[in-house]
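It should be emphasised that the depicted structure is a prediction, and the values quoted were computed from it without experimental measurement.
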Amino acid sequence: MATELPDEVDCRQLADEVGSISGSIAPARLTNVSGVFRLAGSARVRLDFRRNDDQQVAIDGEIEAPVEAQCQRCLEWMSLELCITVCALAMPSADDDFAYEQNLVAAPEGRLKLADLVEGEILLACPMIPAHGERSCGSPADSGPRPDERYKPFAGLADLIKKQG
């Protein structure tokens with residue numbers, strides 16, 4: 001069983017030591033994962049901290065999270081196993097000079113809230129419109145005939161006009 005990660009870490013100290021952390025975060029600590037998504041178990045996390053060429057704190061790692069999503073076709077719950085690659089820079093304060101195209105995480109005074117980082121990455125990795133694969137859920141849209149098999153009342157009209165003409 002993986003150890004429960006602390007609420008926050010000093011990412012500057014970990015980066016100076018080229019350190020890493022690994023463990024899990026319980027679903028109860030990830031309160032923003034809600035609505036059509038819910039955690040089915042603890043998120044497993046491994047994060048490596050280092051200084052990049054500009055001496056900024058770089059965070060690399062992986063998050064694995066068992067998530068359940070409500071299918072937007074049939075409204076039944078389905079399982080998703082998210083495997084997320086983390087690649088971010090810790091932003092110590094709002095006045096620091098960072099490029100906007102980089103993935104930034106807030107770490108005021110070097111304190112990184114792990115649950116916030118993990119929760120944000122999980123939400124970004126979730127599908128925008130969760131749905132079962134085509135024809136694999138019991139939605140009313142899937143129970144009818146295929147579009148090419150539907151009754152077409154005017155399909156024979158051209159033949160009928162030719163016969164009468």
Side-chain angles (χ1 to χ4, degrees), residues 1-139 142:
M1 178 157 178
T3 36
E4 186 74 15
L5 290 174
D7 291 333
E8 63 180 27
V9 294
D10 186 342
C11 61
R12 292 181 299 192
Q13 180 183 1
L14 284 167
D16 291 339
E17 298 170 357
V18 190
S20 66
I21 58 171
S22 63
S24 64
I25 297 182
R29 292 176 54 198
L30 304 174
T31 57
N32 288 329
V33 180
S34 60
V36 297
F37 299 103
R38 63 184 180 202
L39 285 163
S42 294
R44 294 171 303 282
V45 180
R46 182 195 53 78
L47 298 173
D48 300 318
F49 298 83
R50 62 179 171 77
R51 294 274 180 183
N52 66 9
D53 294 337
D54 297 327
Q55 294 305 304
Q56 298 165 327
V57 176
I59 305 166
D60 301 302
E62 295 176 350
I63 300 169
E64 294 178 3
V67 174
E68 291 180 340
Q70 191 175 30
C71 174
Q72 297 303 290
R73 287 189 190 122
C74 68
L75 301 179
E76 294 295 322
W77 289 94
M78 60 184 196
S79 296
L80 301 171
E81 184 67 33
L82 300 180
C83 296
I84 305 160
T85 300
V86 177
C87 184
L89 291 176
M91 183 177 62
S93 69
D95 358 331
D96 286 333
D97 187 25
F98 285 93
Y100 286 105
E101 64 271 1
Q102 295 169 330
N103 185 13
L104 304 175
V105 293
E109 299 179 19
R111 306 299 297 171
L112 174 66
K113 293 185 179 185
L114 293 174
D116 290 349
L117 169 68
V118 170
E119 194 168 52
E121 293 293 334
I122 289 172
L123 289 171
L124 286 171
C126 287
M128 187 178 292
I129 301 172
H132 288 105
E134 193 169 322
R135 296 251 178 237
S136 64
C137 70
S139 73
D142 286 342

Is the side chain of [X] donor-acceptor paired with the backbone N or O of [Y] at a distance under 3.5 Å, no angle test?
X: Glu4; Y: Ala26; answer: yes
X: Asp54; Y: Gln56; answer: no
X: Arg50; Y: Asp60; answer: no
X: Gln72; Y: Ile129; answer: no
X: Glu119; Y: Thr31; answer: yes

| query | What residues, two or more places apart in sequence or in another chain, satisfy side chain to side chain contact (heavy atoms under 4.5 Å, CB included) together with Ile84? | reply |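 Ile84: side chain to side chain contact (heavy atoms under 4.5 Å, CB included) contacts with Ile63, Leu82, Glu121, Ile122, Ala125.
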
message = Tell me every residue that passes side chain to side chain contact (heavy atoms under 4.5 Å, CB included) with Pro27, counting only those two or more places apart in sequence or in another chain.
response =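 Here the qualifying residues are Leu39, Ser42.
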
Taking all non-hydrogen atoms of both residues into account, name the closest pair between [X] and [Y] and its distance.
X: Ala106; Y: Leu112; answer: O-CD1, 3.7 Å
X: Phe49; Y: Ile21; answer: CE1-CG1, 3.9 Å
X: Cys11; Y: Val57; answer: O-CG1, 3.8 Å
X: Ser22; Y: Thr3; answer: O-OG1, 3.8 Å
X: Ala88; Y: Val105; answer: CB-CG1, 4.1 Å
X: Cys74; Y: Cys71; answer: N-SG, 3.6 Å

Atom pair [atom1] ([X]) and [atom2] ([Y]), whose distance is rounded to the nearest 0.5 Å:
X: Glu17; Y: Arg12; atom1: CD; atom2: CZ; value: 13.0 Å
X: Leu47; Y: Leu14; atom1: CG; atom2: CG; value: 9.5 Å
X: Ile59; Y: Asn103; atom1: CD1; atom2: CG; value: 9.0 Å

Checklist line | Ion pair Lys113/Glu8, N-O distance below 4.0 Å | finding: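 Salt bridge flag = no for Glu8 with Lys113.
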
With sequence neighbours left out, what residues match [X] under side-chain hydrogen bond (donor to acceptor under 3.5 Å, both in side chains)?
X: Asp7; result: Arg29
X: Glu64; result: Arg44
X: Glu68; result: Arg38

*Worked verdict on Val45 versus Leu114 for side chain to side chain contact (heavy atoms under 4.5 Å, CB included)*: CA-CA 9 Å; Val45 180; Leu114 293 174; over 6 Å; no

Worksheet item: Side-chain contact, heavy-atom cut-off 4.5 Å: Gln70 with Pro130?
Response: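 Sidechains of Pro130 and Gln70: no contact.
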
Among residues at least two apart in sequence or on other chains, which ones pass salt bridge (Lys or Arg N to Asp or Glu O under 4.0 Å) with Asp48?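 If we apply the salt bridge (Lys or Arg N to Asp or Glu O under 4.0 Å) test to Asp48, skipping adjacent residues, the hits are Arg46.
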
